[in-house]
Amino acid sequence: MSRAVDTGHVQPTGAVAGYRPERTLRLSVELRRQFKRRRTLGVFALMVALPLILIAALQLGASEEAAENNRLNLVDVATSSGLNFTLFVLFATTGFFLVVVYALFFGDTVAAEAQWGSLRYTLATPVPRMRLLRQKWYAALVLSVGALLTLAVVGLVAGGIAFGFEAIQTPVGVTLPQGEGLLRLAGMVGYLAVHLLVVGTLAFWFSTITDAPLAAVGGAVFTMFVFAILDQVEQLGSIRDWFPTAEEFAWTDLLQTPVDSGDLFRGVVQSLVYAAVFTALAFRHFARRDVTS
């Protein structure tokens with residue numbers, strides 16, 4: 001005599017009743033996990049400390065010789081106002097510091113858990129593999145942009161207290177009203193947030209390939225530095241226009257009057273294309289990767 005098997009607790013897909021993939025590993029949970037890590041707290045602490053260190057350096061480094069220098073550049077006008085100081089901070093950190101920050105948040109997120117051996121336990125929760133990677137990508141993006149905004153806001157506030165909340169004085173001697181200056185500063189930060197996705201997503205791809213966070217972060221940073229060096233070789237001609245570092249400082253075009261948006265538009269499109277390619281490669285590799293060993 002056969003007994004009826006109760007299948008009421010099983011969905012047609014084979015999953016347990018009540019199981020919803022979209023409810024696993026919520027973004028808020030992943031953000032809390034990532035934010036509690038020492039490297040996250042360390043980066044945000046540096047973002048707060050760096051503008052203060054630069055203010056001290058500018059104050060201590062002031063001299064009559066510097067004051068008599070009539071040639072305008074971002075360093076010379078850094079003490080003109082809080083807005084000018086924030087521009088100087090962005091200019092000083094774009095080439096290296098922010099590159100490392102984006103690479104760290106994106107490159108460490110998967111490789112670190114793979115190194116610790118916790119990645120397979122997270123997938124056994126069970127969290128769908130692609131959802132896991134997507135949530136980690138979103139968390140890395142939020143932390144990276146948050147760090148960039150922290151740097152800009154602290155620079156603006158600390159610079160305003162130290163040098164006053166005046167209008168922007170551009171390197172070519174043009175003065176922009178405070179309101180317009182804030183809007184242009186927001187545009188600069190937005191451009192950097194998009195452009196730095198190139199190194200971030202490159203590190204994210206490397207993070208799905210290796211179990212060594214240092215290799216993922218260092219590999220992405222090293223790759224960007226190589227392109228930055230090659231970008232200085234004029235003999236490469238128009239090939240340099242396709243490098244991921246080609247429009248690294250295009251955000252400074254927002255200081256022009258009128259604004260020349262050609263390089264800005266090209267930089268945004270090119271960065272998004274690179275970011276999409278690297279992200280797709282990361283998802284493709286992670287979908288095939290053995291994370292159970």
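For the numbers below, each heavy atom of this structure counts, side chains included, while hydrogens, waters and symmetry mates do not. One-based numbering along the sequence shown.
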Q. After noting the C-alpha distance and the side-chain angles of Met224 and Val198, does the key distance pass the side chain to side chain contact (heavy atoms under 4.5 Å, CB included) rule?
A. CA-CA 9 Å; Met224 298 302 288; Val198 177; 4.2 Å; yes

Q. Would you call the rings of Phe204 and Trp137 parallel, tilted or perpendicular, where under 30° means parallel and over 60° means perpendicular?
A. perpendicular

Q.
Over 60° means perpendicular and under 30° means parallel, so tell me whether Phe85 and Phe88 are parallel, tilted or perpendicular.
A.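 The arrangement is tilted - the two ring planes meet at 30° to 60°.
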
Any idea which heavy atoms bring [X] and [Y] closest together, and the distance?
{"X": "Asp253", "Y": "Asp260", "value": "CB-O, 3.7 Å"}
{"X": "Ala112", "Y": "Arg37", "value": "CB-NH2, 3.8 Å"}
{"X": "Val217", "Y": "Ala103", "value": "CG2-O, 3.5 Å"}

Backbone N or O of [Y] within a donor-acceptor pair of the [X] side chain at under 3.5 Å?
{"X": "Glu248", "Y": "Leu196", "result": "no"}
{"X": "Thr208", "Y": "His285", "result": "no"}
{"X": "Thr109", "Y": "Phe106", "result": "no"}
{"X": "Arg266", "Y": "Asp241", "result": "yes"}
{"X": "Arg39", "Y": "Asp108", "result": "no"}
{"X": "Ser207", "Y": "Ala203", "result": "no"}
{"X": "Ser81", "Y": "Asn84", "result": "yes"}
{"X": "Ser144", "Y": "Ala140", "result": "yes"}

If you group Ile, Leu, Val, Met, Phe, Trp and Tyr by side-chain heavy-atom gaps below 4.5 Å, do [X] and [Y] land in one group?
{"X": "Leu143", "Y": "Val154", "result": "no"}
{"X": "Leu281", "Y": "Phe222", "result": "no"}
{"X": "Val199", "Y": "Val277", "result": "yes"}
{"X": "Val48", "Y": "Leu41", "result": "no"}

**Q.** Test applied, side-chain contact (heavy atoms from CB on, under 4.5 Å); reference residue, Leu151; option that passes from Leu46, Leu50, Val43
**A.** Leu50

Q. Taking Val100 as the fixed residue, which of Tyr102, Phe96, Phe97 is the one that meets the side-chain contact (heavy atoms from CB on, under 4.5 Å) rule?
A. Phe96

Q.
Can you confirm whether more than 12 heavy atoms, excluding those of Leu214, are under 6.0 Å from its CG atom?
A. no

Q | CZ (Phe165) with more than 12 external heavy atoms under 6.0 Å | A |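 For Phe165, atom CZ is crowded (more than 12 foreign heavy atoms under 6.0 Å).
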
**Q.** Side-chain touch Leu185/Leu254, heavy atoms, less than 4.5 angstrom
**A.**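 With C-beta onward as the side chain, the pair stays apart.
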
Q. Can you tell if the side chain of Gln178 reaches within under 4.5 Å of the side chain of Leu83, non-hydrogen atoms only?
A. yes

Q. Looking just at side-chain N and O atoms, do Gln169 and Ser80 make a donor-acceptor pair shorter than 3.5 Å?
A. yes

Q. Is it the case that Gln235 and Arg240 place a side-chain donor and acceptor less than 3.5 Å from each other?
A.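 Short answer, no.
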
Q: Determine, stepwise, if the pair Met188 / Phe91 fulfils side chain to side chain contact (heavy atoms under 4.5 Å, CB included).
A: CA-CA 10 Å; Met188 295 173 190; Phe91 188 82; over 6 Å; no

Q: List the steps, then state whether side chain to side chain contact (heavy atoms under 4.5 Å, CB included) holds for Phe249 with Thr94.
A: CA-CA 8 Å; Phe249 290 97; Thr94 294; 3.7 Å; yes

Q: Quickly, which of Gln135, Arg134, Lys136 forms a side-chain hydrogen bond (donor to acceptor under 3.5 Å, both in side chains) with Glu30? Name it, please.
A: Lys136

